[in-house]
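These notes are about the structure you will find just below.
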2 protein chains.
Amino acid sequence: MDERVRDHAEVLVDWSARIDSGDHVVVRVAEGAHDLAVAVAEKLGERGATVATSYASDEVSRAYLRAHDGDFETPAHELALYEHADAVLSLGGGRNTFATADVDGDTRQASAKAVAPVREARLATDWVSTVHPTRSLAQQAGMSYEAYRDFVYDAVLRDWEMLAEEMQQLKQLLDAGSQVRLVTENTDLTMSIESRTAVNSAASVAYDSHNLPSGEVFTAPYATEGTVHFDVPMTISGSRIRDVTLRFEDGEVVEHAAAVGEEVIGDVLDTDEGARRLGELGIGMNRGIDRVTDNVLFDEKLGDTVHLAVGRAYDACLPEGESGNDSAVHVDLITDVSENSRLEVDGEVIQRNGRFRWEEGFDADESA
Amino acid sequence: MDERVRDHAEVLVDWSARIDSGDHVVVRVAEGAHDLAVAVAEKLGERGATVATSYASDEVSRAYLRAHDGDFETPAHELALYEHADAVLSLGGGRNTFATADVDGDTRQASAKAVAPVREARLATDWVSTVHPTRSLAQQAGMSYEAYRDFVYDAVLRDWEMLAEEMQQLKQLLDAGSQVRLVTENTDLTMSIESRTAVNSAASVAYDSHNLPSGEVFTAPYATEGTVHFDVPMTISGSRIRDVTLRFEDGEVVEHAAAVGEEVIGDVLDTDEGARRLGELGIGMNRGIDRVTDNVLFDEKLGDTVHLAVGRAYDACLPEGESGNDSAVHVDLITDVSENSRLEVDGEVIQRNGRFRWEEGFDADESA
C-alpha cells in the first residue's frame with residue numbers, strides 16, 4: 001500500500017474528525033475507496049473507536065432508485081445507525097462519475113426527501129468527507145492515475161495547523177468587516193457580511209470544517225449588488241458549465257448568462273426563492289491544489305480563487321439561532337483571481353492578484 | 001451482467017427472505033459481491049423495501065482488529081441499525097479466503113464477545129446468507145472461475161418449492177422418530193431425536209432456513225453413542241482437516257483422531273463443555289451441488305452426504321422454551337453416504353447408499 005494512503009487516513013481520523021476512544025464511527029466506503037477504508041480501519045482500531053461500515057456504491061443506488069416506484073419511505077434502520085453515531089467518515093472515490101446519470105430528477109428528489117432525516121442525523125455528527133484517488137476521478141480531471149494520486153496527496157497531506165493559522169488572519173478581517181467588494185476584469189460585486197461569522201475551514205471538525213482537503217475561508221454574504229463572472233469551468237449535475245455571468249440587484253440574481261450550460265444555470269436559479277441569492281462567499285487558500293480537476297471538493301479550495309454559491313447558507317456563519325438563506329440547492333461557482341483582481345473589505349484591499357496583504361509581493365495600491 | 005446474477009437476487013429477495021414493501025433491509029456486501037449487490041438493490045427497489053448497506057470486507061476487519069488493543073466495546077450504532085432492521089441479506093464472496101488468517105485468536109474472541117449483541121440482533125431478523133461466486137472461492141474449490149459460477153448457480157437456482165416438498169417427507173420421518181442410527185464402512189452411531197423437531201431447510205425464512213443455497217434437513221440429536229468417520233475433507237479456521245473419527249460415550253466425544261488436523265479438532269473439542277456434544281445432525285439433499293468445494297455453505301447441503309456438528313444446537317429444533325446444547329462453537333463435519341451406508345430411524349432404513357425410501361433404486365433390505 002502507498003504509504004500516503006496511511007498518512008491520509010491518519011489526517012482524516014486525527015486532525016479532521018478528532019476521533020477518541022469509544023467513539024462510534026460510521027465509515028462510508030465508495031466502490032473505489034477500499035484501500036483507504038483499510039487504512040482508516042487500522043487508525044480507528046488504534047484509537048479504540050468502534051466501526052460500522054456502509055457500502056456507498058453509486059451503482060447500487062442507481063439500481064435501487066431506477067427499480068423503485070417513487071413512493072419512498074424513510075429507512076428507519078439507517079436513521080437509527082446515524083442517530084447513534086458520533087462521527088461519519090465518507091470515503092469517496094467511485095469508478096464512474098456518471099454512474100447515476102440515468103436516474104431521473106423526480107426520482108432523485110423523491111428519494112432525497114425520504115432520506116432527509118437520515119441526512120440530518122448524519123450532519124449532526126462530526127462528519128468529514130474525503131476522496132480516495134481513483135482512475136475515474138483521474139479521468140474526470142483529465143490526468144494520468146499516477147499524477148492524480150500525487151495531486152490528491154499534495155492537497156490532503158498538508159501542515160493543516162500552519163494553514164489554519166494563516167487562514168485565521170483572513171477570518172479576522174472578514175469577521176471585523178461589514179462589506180466585501182470583489183473586482184476582476186469582468187466582475188464588480190459588493191456583498192454585506194455585517195454580523196456574519198467566517199469559518200476558518202481547516203479540514204477539521206474543530207474548525208466547523210467537514211472536507212478533507214479543505215483550505216478556504218467562507219462566510220454567508222447578503223445584499224449582493226453588481227456583476228460577477230466565473231471563469232473556472234465545471235460540471236454541475238452531469239452538465240458542463242463555462243463562463244457564467246450573474247448580475248445581482250437587491251441581493252437577487254436578475255440576469256444570467258453562460259458560454260456553455262446557460263440552461264443548467266437557469267434551472268438551478270429556478271429551483272426555489274433562495275436559489276437566486278448567495279449562500280456562500282469562499283476564498284480558496286490551499287496552495288497544495290495547483291489546478292482545476294472538475295471536482296468541487298478540490299476546485300473551491302484552490303489557491304488564488306474565489307467562489308460564490310447560490311442557495312443554502314451554512315449555519316456556522318450566522319448569528320446564534322438565526323437562519324440564513326434557505327434553499328434546496330447549494331451550487332458553487334468559481335473565479336480565478338490570480339491576475340487583474342482585488343478583494344476589498346470596507347474599502348481596504350486585502351488580496352490583490354491572489355496575494356494576501358500578509359504575503360510577500362502584496363501591493364495595496366497597484367491598480368487592478 | 002450474467003442474467004443468473006439477477007435470478008440469484010430474485011430467489012434471495014422473494015423466496016429466501018420474503019421481502020415485502022416497507023421492510024427495512026440491511027444488505028451486507030463482501031469485497032467481491034458488488035454485482036450481486038447491484039442486482040439485489042434492483043429487486044429491493046422493485047419490492048418497495050428500504051435499504052441500508054454494510055461493507056463486509058475481511059481486509060477492513062483485519063486492519064481494525066490487528067490495530068486494536070483488544071479492549072473492545074459494543075458498537076452501539078451498529079446495534080441500533082440491526083435492531084431497527086426487518087431483514088439482513090449477507091452477500092458473501094471475498095477476494096481471499098485467508099484475508100484474516102493473521103488475526104490472533106484472542107483478539108477474534110474478544111471482538112466477538114463485544115459484538116455479540118449485534119450478532120443477536122441480526123439473528124433476530126429475517127436474515128439470509130448467500131455468496132456471490134468470486135475467483136477466490138473458485139480457487140478455494142480448486143475450480144476455474146467459469147466452472148465455479150456454473151456450480152454456484154446450479155446450487156442456488158433450483159425449484160425450491162419442489163425440493164421443500166421432497167424434504168418434507170424426511171422431516172416427517174425424523175419428527176415421528178425417536179432414534180437415528182448411521183452406519184457406513186467405518187461408522188456405527190446412534191443418536192436420540194425424541195421430542196426434537198427437524199428443520200426442512202429449504203433456503204427460506206418461511207422454513208426457518210437462512211442459507212442460500214440450502215437443501216438439507218437437520219435436527220438436534222443427543223445421547224450419542226458409537227463411532228463416526230468423516231471422509232469429506234475441509235478447512236476449519238484456516239487449517240486442513242481430513243478423515244476425522246470421533247467416538248461418543250454418553251453423548252460426549254471421548255476419543256478423536258484425524259489423518260490431517262487432529263490438533264485442530266482437539267482444540268475445537270476443548271473449547272467448552274458443549275463442544276464435545278453434538279448440536280446438529282444434517283442430511284444433505286441438494287443434488288444441484290455435485291462436488292465438494294471446501295465451503296461449508298455448499299458442502300453440508302451436498303446430496304448423498306450426512307453431517308454432524310459438534311457444539312451449539314439451533315433453537316428451531318428444540319421444544320418451545322427449551323434450550324439445547326450450548327457452545328461457542330458449531331463445527332460441521334461431513335461424511336459421504338453414497339456407498340455402503342444406511343440411515344435408520346427407529347430400526348427402519350430410510351436411506352441406503354444415498355437413496356431415500358421414496359426414491360427409485362431404494363432397497364430397504366440390501367445389506368450395507
Please rank [options] by heavy-atom pairs under 4.5 Å with chain A and give me the top one.
{"options": "B:Leu79, B:Val51, B:Asp86, B:Asp69", "answer": "B:Val51"}
{"options": "B:Leu65, B:Leu44, B:Thr53, B:Val25", "answer": "B:Thr53"}
{"options": "B:Ala114, B:Ala76, B:Gly48, B:Ala85", "answer": "B:Ala76"}
{"options": "B:Val27, B:Val26, B:Val40, B:Val38", "answer": "B:Val38"}
{"options": "B:Thr50, B:Val118, B:Asp71", "answer": "B:Thr50"}
{"options": "B:Ala49, B:Ala56, B:Ser61", "answer": "B:Ala49"}

May I ask you to decide whether [X] forms a salt bridge with [Y], counting only side-chain N to carboxylate O separations under 4.0 Å?
{"X": "B:Arg149", "Y": "B:Glu146", "value": "no"}
{"X": "A:Asp58", "Y": "A:Arg95", "value": "no"}
{"X": "B:Glu59", "Y": "B:Arg62", "value": "no"}
{"X": "A:Glu46", "Y": "A:Lys43", "value": "yes"}

Interchain contact, [X] with chain A, by part (heavy-atom threshold 4.5 Å):
{"X": "B:Thr74", "result": "backbone"}
{"X": "B:Val29", "result": "side chain"}
{"X": "B:Glu83", "result": "neither"}

Would you say [X] and [Y] make side-chain contact, with heavy atoms under 4.5 Å?
{"X": "A:Trp15", "Y": "A:Leu212", "answer": "no"}
{"X": "A:Trp127", "Y": "A:Tyr82", "answer": "no"}
{"X": "A:Thr107", "Y": "A:His68", "answer": "no"}

(request) Tell me, out of A:Gly22, A:Ala39, A:Ala52, A:Ser21, who's got the most heavy-atom pairs with chain B below 4.5 Å. (result)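 Sorted descending by pairs with chain B, the first entry is A:Ala52.
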
(request) Under 4.5 Å heavy-atom distance to chain B, tell me which part of A:Ser54 shows up: side chain, backbone, both or neither. (result)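 For A:Ser54, backbone and side chain are both near chain B.
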
(message) salt bridge (charged side-chain N to carboxylate O under 4.0 Å, His left out) for B:Arg47 and B:Asp14? Distances and angles first, verdict last.
(response) CA-CA 9 Å; B:Arg47 298 295 166 264; B:Asp14 290 342; 2.7 Å; yes

